[in-house]
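A short write-up of the structure that comes next.
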Amino acid sequence: MIQLLFTVIFAEMALIMTLLFKTPLRKLVVMALDRVKRGRGPIMAQTVATTVFVVLMSSVYSMMKIQNRSVEPGLINPTDQVLMARHLLEASLMGFLLFLALMIDRLHHYIRELRLLRKAMEAEKKQNRGFEDGKNGRAEEAKAMGEEMSSLRTQIKKLESECETKAKEAEAAEANTVALKKQSEGFLLEYDRLLEENQNLKSQLESIDQGLQS
């Protein structure tokens, strides 16, 4: 399951990087997300997110059970240590997976809103040119149109500022991903060490049992 979580996280990171930069691939990704959000797509996405969240809560509950059943406060046997490390790694990965999914949803939303505003801006510019070329006498309407264009520019600037903020958040999320990857590698090394210690303890117990039997 850990390998699957890492695969999904890296896929989400690649998707976020695609959405951050204006390339032909981003247009295809946005179109694909538009189709996913139609029909039963949102329901399926919510179902998957809910399932992941439930599994996350299950891992947290398992860690609490392991902590509560320790022989002495702060002392956990090697097997429980291995289980604790595994549950902690899985919970961290699932939490980060849900965070990246939320980032993808918000980035797609802001990109789509920005695209709609740009189209509206272009339409207003064309309409304004028509008024200037063929209807110079309609000064009041042109003035009203200019005010509306100014309002649209303000909205576009605001939305671009929000997109920049989200881009910075995505960069921070990427940095967190690198840190999480390093932490996960440490967890895996600790898991291997604990597993080896557990195997050595089992071997020692078997040797002691054989010595007692003989």
Side-chain angles (χ1 to χ4, degrees), residues 1-20 29 33 36 40-107 166-214:
M1 182 178 178
I2 294 177
Q3 289 82 0
L4 177 61
L5 291 173
F6 270 115
T7 302
V8 175
I9 287 174
F10 286 129
E12 289 181 334
M13 289 172 56
L15 195 59
I16 289 174
M17 295 301 296
T18 303
L19 291 174
L20 287 177
V29 171
L33 290 175
V36 169
R40 297 183 179 179
I43 298 176
M44 294 177 62
Q46 291 176 3
T47 303
V48 173
T50 303
T51 303
V52 173
F53 183 76
V54 170
V55 177
L56 170 62
M57 291 296 102
S58 176
S59 296
V60 174
Y61 178 72
S62 298
M63 287 189 291
M64 293 175 63
K65 285 180 64 178
I66 293 173
Q67 188 68 32
N68 291 334
R69 75 186 181 200
S70 58
V71 179
E72 297 180 8
L75 295 179
I76 305 176
N77 63 59
T79 302
D80 286 342
Q81 286 181 354
V82 173
L83 293 175
M84 176 72 81
R86 185 176 183 85
H87 285 310
L88 180 60
L89 177 60
E90 289 179 351
S92 301
L93 292 177
M94 284 185 285
F96 194 65
L97 185 149
L98 292 174
F99 173 74
L100 290 181
L102 180 61
M103 287 292 299
I104 291 172
D105 179 70
R106 291 296 87 197
L107 280 175
K166 293 300 178 182
K168 292 179 181 178
E169 291 179 359
E171 292 177 358
E174 184 179 1
N176 290 335
T177 301
V178 174
L180 181 61
K181 182 180 178 182
K182 293 181 180 179
Q183 185 180 7
S184 300
E185 291 175 354
F187 280 141
L188 290 175
L189 292 174
E190 183 66 14
Y191 174 80
D192 293 337
R193 185 184 68 78
L194 292 174
L195 190 62
E196 184 178 355
E197 289 181 2
N198 188 24
Q199 187 65 35
N200 291 335
L201 288 174
K202 287 183 178 179
S203 300
Q204 292 177 7
L205 287 173
E206 289 177 359
S207 299
I208 293 172
D209 290 337
Q210 290 177 359
L212 291 174
Q213 290 177 359
S214 61

How close do L100 and M13 get, counting heavy atoms only, and between which atoms? CD1-CG, 3.9 Å
Where is the tightest heavy-atom contact between L93 and I9, given as atom of each residue plus distance? O-CD1, 3.5 Å
Over all heavy atoms of both residues, which pair between T47 and I43 is shortest? Give the atoms and the distance, please. OG1-O, 2.7 Å
Where is the tightest heavy-atom contact between M17 and E174, given as atom of each residue plus distance? SD-OE1, 3.5 Å
Could you report the tightest heavy-atom contact between V82 and L195, atom names first, then the distance? CG2-N, 4.0 Å
Could you give me the CA-CA distance, side-chain angles and deciding distance for E171 and K168, then say whether salt bridge (charged side-chain N to carboxylate O under 4.0 Å, His left out) is met? CA-CA 5 Å; E171 292 177 358; K168 292 179 181 178; over 6 Å; no
What heavy-atom pair brings I16 and A170 nearest, and what distance separates the two atoms? CG2-CB, 3.8 Å
State plainly whether the residues R193 and E190 are in salt-bridge range, i.e. N to O under 4.0 Å. yes
Taking the side chain as C-beta and beyond, is there a heavy-atom pair between S59 and M94 under 4.5 Å? yes
Is there a side-chain contact between E197 and L194 in this structure, where contact means two heavy atoms from C-beta onward sitting under 4.5 Å apart? yes
Should the heavy atoms of other residues, nucleotides or ligands under 6.0 Å from CE of M64 be counted, would the total exceed 12? no
Below 4.5 Å, heavy atoms only, C-beta onward: do E185 and L189 meet side chain to side chain? no
